[in-house]
Amino acid sequence: MGVAAQSEPCPRRYAHVAGVAVHLPDESRSTAEPATHDSGTRLHRGVIEQASGVERRHVAASGQTSAGLAVAAARTLLEQTGHVPPVIDLIIYAGVSGDAVEPATAHMVAAELGASCPVFDVRNACNGVLNAIELADTLIAAGRYRTVLIVGGEVASPAVRRQVELDADFATAGPSCTVSDSGTAMLLEASTVPGVLGHRFCAGSARWDAAVLPVTRSVSAGYPVGAFTVEPAGPAVGVHELDRSVLRAPLDERGLDWDDMAAICVHQASLPSLHTFCEAAGIPLGKVAVTIAEHGDLVASTIPVQLHQAVQSGRVQRGDLVALVGVANGVSAGTVLLRW
């Protein structure tokens, strides 16, 4: 009687970040110049820079779309990593900006790239990319996909408030004057070695109305995006109420601390809010890749741009630990821990 052959156990699959790429529009504008709004109110020279720490922001050219910016970054990334669209198993679009209510902007990206894989959008304000990494990691580990392309294209500048009637209005309109346009792409691949080491998120949705970029229905214009309005203290209060121990959880589970990171990429809406958040969360500012002054509020592209700059500068090299810390309107926050 023969002995049945025993099959070799399948090696465990992990997600590994193969690369990250960024595409920034050619035009950038200084926030130090005075700005005249449609109402005729003239903001004083330097008021935006003084309040936010933003010196410059990127502005998409007329006709540039969210999908187009994402495609530009994706093409750069695919060329750098030696991939072609047919080997991409899944595309996740994770930008705040999108080019239609329906269909998913990911379809437009896939069509431009010549990809025929499944696609979908993930939207969670500025935490969309981190949530997409969590999904990609889970799907790769489950054996569903081997290569997942995460893209985003932010055309945020149309949301700038163009009417500031009184000085008091600047508190709610000011944050919109710092937003910046960009395209980013990240490629995650299946690996036998862990790359995405952990992730943890939390939310306090009762504060969702503290910062809103509405979509309003219009018979003549369809579903235009309204102006971005922030209740001055609302987002900060919402973040303060979150369980900030969640941010350390992926590190604590592995006996690590913030000082073990080669770089920490933290979402940045302004320089003062970055400093306040890091102090409250115990994140050492010296470890943070700061981009807010030079590039403005890049919305969901903020963390990929920081990671890209840290890698390009040599600050992060293969094998290094990196923490991606997101905080977003809604309110939500979370950390993704990577071994680059």
Side-chain angles (χ1 to χ4, degrees), residues 20-29 57-78 85 88 90-115 117-133 135-136 148-160 175-187 211-216 221-228 267 269 291 295-308 326 328-330:
V20 59
V22 170
H23 177 80
L24 299 175
D26 293 332
E27 182 182 356
S28 68
R29 296 178 185 171
R57 62 187 188 87
H58 305 283
V59 181
S62 177
Q64 275 192 306
T65 63
S66 298
L69 290 169
V71 167
R75 283 177 173 155
T76 298
L77 178 58
L78 295 176
I88 302 301
L90 175 68
I91 295 176
I92 304 176
Y93 181 86
V96 173
S97 301
D99 293 328
V101 175
E102 188 177 342
T105 301
H107 284 292
M108 304 172 197
V109 173
E112 285 293 318
L113 291 176
C117 59
V119 305
F120 57 81
D121 289 2
V122 169
R123 297 185 64 200
N124 185 20
C126 296
N127 273 346
V129 171
L130 296 194
N131 293 139
I133 294 173
L135 278 170
V148 180
L149 179 64
I150 299 172
V151 295
E154 300 294 6
V155 182
S157 50
V160 171
S176 76
C177 299
T178 66
V179 294
S180 197
D181 302 335
S182 60
T184 56
M186 296 180 68
L187 183 66
V212 179
L213 178 62
V215 177
T216 57
Y223 291 88
V225 174
F228 183 50
H267 178 68
T291 54
H295 298 291
D297 181 353
L298 291 157
V299 201
S301 292
T302 300
I303 287 177
V305 169
Q306 290 174 59
L307 180 59
H308 178 262
N329 292 324

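- Between Phe120 and Ile92, some side-chain heavy-atom pair lies under the 4.5 Å cut-off.
- The side chain to side chain contact (heavy atoms under 4.5 Å, CB included) test applied to Ala185 returns Ala73, Ala74, Leu77, Leu149, Val151, not counting sequence neighbours.
- For His308, the side chain to side chain contact (heavy atoms under 4.5 Å, CB included) criterion is met by Val20, Val22, Gln312, not counting sequence neighbours.
- Two residues are said to be in side-chain contact when any heavy atoms from C-beta on lie closer than 4.5 Å; Leu113 and Ile88 fail this criterion.
- Not a single side-chain hydrogen bond (donor to acceptor under 3.5 Å, both in side chains) links Thr184 to another residue, sequence neighbours left out.
- Among the candidates Cys126, Ser182, Ser66, the single residue satisfying the side chain to side chain contact (heavy atoms under 4.5 Å, CB included) test with Glu154 is Ser182.
- Among all heavy-atom pairs drawn from Ser97 and Ala156, the shortest one is OG-N, 4.0 Å.
- Counting only heavy atoms from C-beta outward, the side chains of Cys117 and Ile91 approach each other to under 4.5 Å.
- For the residue pair Ser180 and Val299, the shortest heavy atom distance occurs at O-CG2, 4.3 Å.
- The two residues Gly95 and Ala300 come nearest to each other via the heavy atoms CA-CB, 4.4 Å.
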Below 3.5 Å, can you tabulate the donor-acceptor pairs from side chains in residues 105-112 to any protein atom, sequence neighbours excluded?
unit_1: Thr105; atom_1: OG1; unit_2: Asp99; atom_2: N; d: 3.2

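- Gln64 is not listed as a side-chain neighbour of Asp181, based on a closest heavy-atom distance of 4.5 Å or more.
- Remark: Arg75 CZ is packed, more than 12 non-hydrogen atoms of other residues, nucleotides or ligands lying under 6.0 Å away.
- Taking Thr302 as the reference, His267, Gln268, Thr291, Asp297, Leu298, Gln306 meet the side chain to side chain contact (heavy atoms under 4.5 Å, CB included) condition, with sequence neighbours excluded.
- In terms of heavy-atom proximity, Val155 sits nearest to Ala60 at CG1-CB, 4.4 Å.
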